[in-house]
Amino acid sequence: MKERYEFAEIEEKWQKKWAAEDIYRVPDSGGRPKYYCLEMFPYPSGKLHMGHVRNYSIGDVLARFLTMRGYSVLHPMGWDAFGLPAENAAIKHGNIHPAVWTYENISAMRAQLKQLGLSYDWNREIATCHPGYYRWTQWLFLQLYKHGLAYKKEAAVNWCPSCATVLANEQVKEGSCERCSATVEKRELNQWFFKITKYADRLLDDLKLLEGWPEKVRIMQENWIGRSEGAEINFPVDGSDDVMTVFTTRPDTIFGVTYMILAPEHPLVEKLIQGRPEAPEIRDFVNKVRSLSELDRTSTESEKIGLFTGAHCVNPLNGERVPILVANYVLLEYGTGCVMGVPAHDQRDFEFARKYNLPIKIVIQPEGEALDPDTMKEAYSGEGLMVNSGKFNGLAKKEGIRSVIEYCEEKGIGKGVINFRLRDWLISRQRYWGAPIPMIYCDKCGIVPVPESQLPVELPMDVEFKNTGRNPLADHPSFVSATCPQCGGPGRRETDTMDTFMCSSFYYYRYTSPRDGDHVWDDEKVRHWLPVDQYIGGVEHAILHLLYSRFFTKFLNDIGLVPNVEPFTRLLTQGMVLKDGSKMSKSKGNVVSPEDIVATYGADTARMFILFAAPPERDLEWSDQGVEGCSRFLNRVWRLVAPLAGILESGSSPDTGKLVGVDREMHRLTHGAIKKVTEDIGGRFNFNTAVSAIMEMVNGLYQYREVPETDRDPAVLSEAVEALLILLAPFAPHVTEELWQGMGRSGSVHLQPWPEYSQEAVSEEEVTIVVQLNGKIKERMLVPADITPEGMKELVLSRPSVREMLEGKNVVKVIPVPGKLVNIVVK
RNA sequence: GCGGGCGUGGCGGAACGGCAGACGCGCUGGACUUAGGAUCCAGUGGGAGCAAUCUCGUGGAGGUUCAAGUCCUCUCGCCCGCACCA
């Protein structure tokens, strides 16, 4: 073997060989237990970044480890290939079609992934923009439509002026477009939605099943779904047949209502003000609110403004006549779009009432405290007994809520309801580069689905991309014109495409049957592989992709297409890769390119560093010097192992009982490392400490090598080196393969069984324990490892130095901790 | 405002409630060398001491415990998510 570690040569050589021998192909059946290890597939931007390297290195170590542990591991890769950047590139450069741009990027990125030596079964590669894939995206849309879960409605939706398309609620962050940060506007449009709200309850309840998910993500989803229990109660409008229905979580405070508020956009507003002197001013106000951006509209910061409509409502419980107002802090989208104002017991109402001098009426009195409407500084929302509430007086909050709801239900003026913050998923996009929504509009028959036999509805390639903000599909006559599948008459094709999150909501099922042209996937294969055992990706998808995928899975389970109710049993959200304390970005100029690192140090070093520098879920600070260190380590391994080629025996397993001295030490170190690495990868995903255990082993081997050959057992060295290469193989697949096969071992190191550690080899005959006096360390001593706690106590107390130390002191208690210490408590 | 996370050497980070700082980086010294920014060996939390050793030390203040970086209460700082949700 060469004296020097030539990473470039080695990495290229083995990548070619692995591909030629197809060693990462995984069969769909076989005697081994299955494991589905999945990393979030990337958008093919054309360039891999460090976040990808981290994501895929983590997955690769796991997949390789589990394969060596005897599992049949499904470890696929593909492309989330529809999306705006491709189309924007086409608009900007004019002469490049999004498809060409995308496929070129895929080629470039695939090459980069292959350079990292990742163990994907490339036979299963998919791209969501391929008609063979999006045909099934459309097919699933039709299934949702068939089951009443895809529908079209006119609604105020989020519009991103820069992306020239609508967005789902989940894709708006603090009033801005999640992709481009432009301020999002509201527009009234007729759009396609998925009824994810039908699954709100199950999406919430089943979070309990996801014990393998980070709590953080579960809480985020819980908050996003936002279940709240309460009641809807009808307030008749005074002098009209209209009714204001409010949603409230505090029906026990209904006697404290001193005014009612409608959201400015509420349809009832116009009806109430017609012909009243207040009308012009209110219309003005409503228009002003409507024109606000989403951010300004919902910001907690903005001042609460309200106007009296001139109309009144009647409280159905006590008959009191209260004014109806319009105020900017009431949102049309949530609940019923109107609320009852209870200033005494709701902080927002309180601030509003103080500002406009509206009356404050106490109806909940906390025990041992007297609330006074004139002097109170904030609303009281805690526990207490109902007062000023007629026959409900004396009831505590919880019973009060129940009793008022019961009463309302009896009288037919209200009912208990559960409200969710989750909205239906808006999936229409006014853009070209997405899967066309397979629907046809017919003047005679209305909205008609494209028959499944006519799928896919293919994207036309002869399209012009202009910066007009118009979807080019709408300007493509032969795409638009269609025949109505129902009556055979002329029809118009839907020109909106689907949100790309739809494409990524089921790709992990499609990996099981990537080329199946007859079915969305093979039933047996899905039953074999699913659910995904381990999913790995960034936390930025905590709500978006992960919630949509859960929704899809529940639907697919309902219609019998998948066996599982949750898609991902375990989830690992990896931290960001930082440089100089902040996220790598072009604008900050702190980007480290994976290509450069691989070219300078090799893929093995890049992988080692990124796994060693921090535990996977934590943010990772990039360090060029840290990379040097990993490179140095691999060189150190090379210099240790390469000269031993041909010297070492194969498959040595020394007899633990016969080993003494340095041989016994080295043997123990080897098995200790096997134990640690196995537990750190398999149990807690602490790859950083697994690597450090391997480093310790290498340090030990350097020491051991110094021992004269005649004084050491060759079997111990062979065993150690063999174990070293296997333990290191998931992290640094190329250099370990080169050394393994260079030593004359047959077969790939990656197909070797993972070593088992021997308990006997790991255990010590003697251990150092600590003697503590009142918890402070006083001295150390060597004791037999198998000593009893009682024996430990005696041994310590009989020691002359300890007896001297205890002279004149009163021993209160002696606490022996086996293998660790003895603590003597004295007075 | 609500929810979650994190604060440990010069740095990245280790530590089933039981020897704080594994491993790596950096630094210091030595060896090899014409040379080394290569490699190998040794040392490396602060303070005191020639030394054995002593002492302080995990953002801060309390508490539980024989024993706390770890558990509990309060508090400060940073990061992330949600944000007028009735």
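In what follows, chains are A, B, ... by sequence order, proteins preceding strands, each numbered from 1. The figures here come from the full heavy-atom set of this structure, side chains too, leaving out hydrogens, waters and symmetry mates.
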Taking OP1 and OP2 of B/C40, is either one under 4.0 Å from a side-chain nitrogen or oxygen of A/Arg636? yes
Could you state the interatomic distance from CG (A/Leu717) to OH (A/Tyr704), rounded to the nearest 0.5 Å? 6.0 Å
Which base sits across from B/C16 as a Watson-Crick or G-U pair, both distances under 3.5 Å? none
Can you tell me how far C1' in B/G69 sits from the matching atom in B/C56, rounded to whole Å? 16 Å
Return the pairing partner of B/C82 with a 3.5 Å limit on both distances, Watson-Crick or G-U wobble; otherwise return none. B/G1
Using a 4.0 Å heavy-atom cut-off across all strands, classify A/Ser623 as base, sugar-phosphate, or nothing. nothing
Given that both distances must come in under 3.5 Å, which nucleotide forms a Watson-Crick or G-U wobble pair with B/C6? B/G77
Just to be sure I understand the rule, does A/Ile815 reach a base, reach only the sugar-phosphate, or reach nothing, if contact means heavy atoms closer than 4.0 Å? base
For a quick check of understanding: with a heavy-atom distance under 4.0 Å over all strands, which category does A/Asn419 fall into, base, sugar-phosphate or nothing? nothing
Under 4.0 angstrom, heavy atoms only, what part of the nucleic acid is A/Gln772 near: base, sugar-phosphate, or nothing? base
In whole Å, what separates the P atom of B/A68 from that of B/G24? 30 Å
Could you identify the nucleotide paired to B/G26, looking across every strand shown and requiring Watson-Crick or G-U wobble geometry with both distances under 3.5 Å? B/U44
So, OP1 or OP2 of B/A38: does either fall under 4.0 Å of a side-chain N or O from A/Arg4? no
Does A/Asn686 make a side-chain N or O approach to OP1 or OP2 of B/G13 shorter than 4.0 Å? no
Contact class for A/Asn635 vs. all strands (heavy atom < 4.0 Å): base, sugar-phosphate, or nothing? nothing
Rounded distance in Å between the P positions of B/G1 and B/A67: 38 Å
For A/Gly775 and A/Glu621, find the nucleotide of RNA chain B closest to each by heavy atoms; which residue's nucleotide sits nearer the 5' end? A/Glu621
With rounding to whole Å, what would you report as the distance between B/U64 and B/U53 at their P atoms? 34 Å
Please classify the nucleic acid contact of A/Gly629 as base, sugar-phosphate, or nothing, using heavy-atom distances under 4.0 Å. sugar-phosphate
Check the phosphate of B/C27 against A/Gln625, side-chain N and O only, distance under 4.0 Å to OP1 or OP2. Yes or no? no
Go ahead and name the base partner of B/A67; Watson-Crick or wobble counts if both distances stay under 3.5 Å, otherwise write none. none
Counting just side-chain N and O atoms, does A/Arg684 come under 4.0 Å of either OP1 or OP2 of B/A15? yes
Touch check for A/Ile777, heavy atoms < 4.0 angstrom, all strands: base, sugar-phosphate only, or nothing? sugar-phosphate
Within the 4.0 Å heavy-atom criterion, would you say A/Val246 contacts the bases, only the backbone, or no part of the nucleic acid? nothing
For B/A31 and B/A38, measure between their C1' atoms and round to the nearest Å. 14 Å
Does B/G9 sit syn or anti, given that only angles within 90° of 0 count as syn? syn
Remember a base hit wins even if backbone is also touched, and classify A/Asn688 as base, sugar-phosphate or nothing at under 4.0 Å, heavy atoms. sugar-phosphate
What is the base-pairing partner of B/G57, counting Watson-Crick and G-U wobble geometry with both distances under 3.5 Å? none
Give A/Val825 one of three labels, base, sugar-phosphate or nothing, depending on what nucleic acid heavy atoms sit under 4.0 Å from its own. sugar-phosphate
Report yes if at least one side-chain N or O of A/Arg639 is closer than 4.0 Å to OP1 or OP2 of B/C40; otherwise report no. yes
Pick the nucleotide of RNA chain B nearest each of A/Ser228 and A/Lys676; which residue has the one closer to the 5' end? A/Lys676
Does B/C19 have its OP1 or OP2 closer than 4.0 Å to a side-chain nitrogen or oxygen of A/Lys778? no
Select base, sugar-phosphate, or nothing to describe what A/Glu232 touches, counting heavy atoms under 4.0 Å on all strands. nothing
Contact class for A/Lys813 (heavy atom, under 4.0 Å): base, sugar-phosphate, or nothing? sugar-phosphate
Searching all strands shown, indicate the nucleotide that pairs with B/U39 (Watson-Crick or G-U wobble; both distances under 3.5 Å). B/A31
Measuring from the side chain of A/Leu331 (C-beta onward, heavy atoms only), which nucleotide among B/C85, B/G3, B/C16 has the closest atom? B/C85
Does A/Arg632 have a side-chain nitrogen or oxygen under 4.0 Å from the phosphate oxygens OP1 or OP2 of B/G26? yes
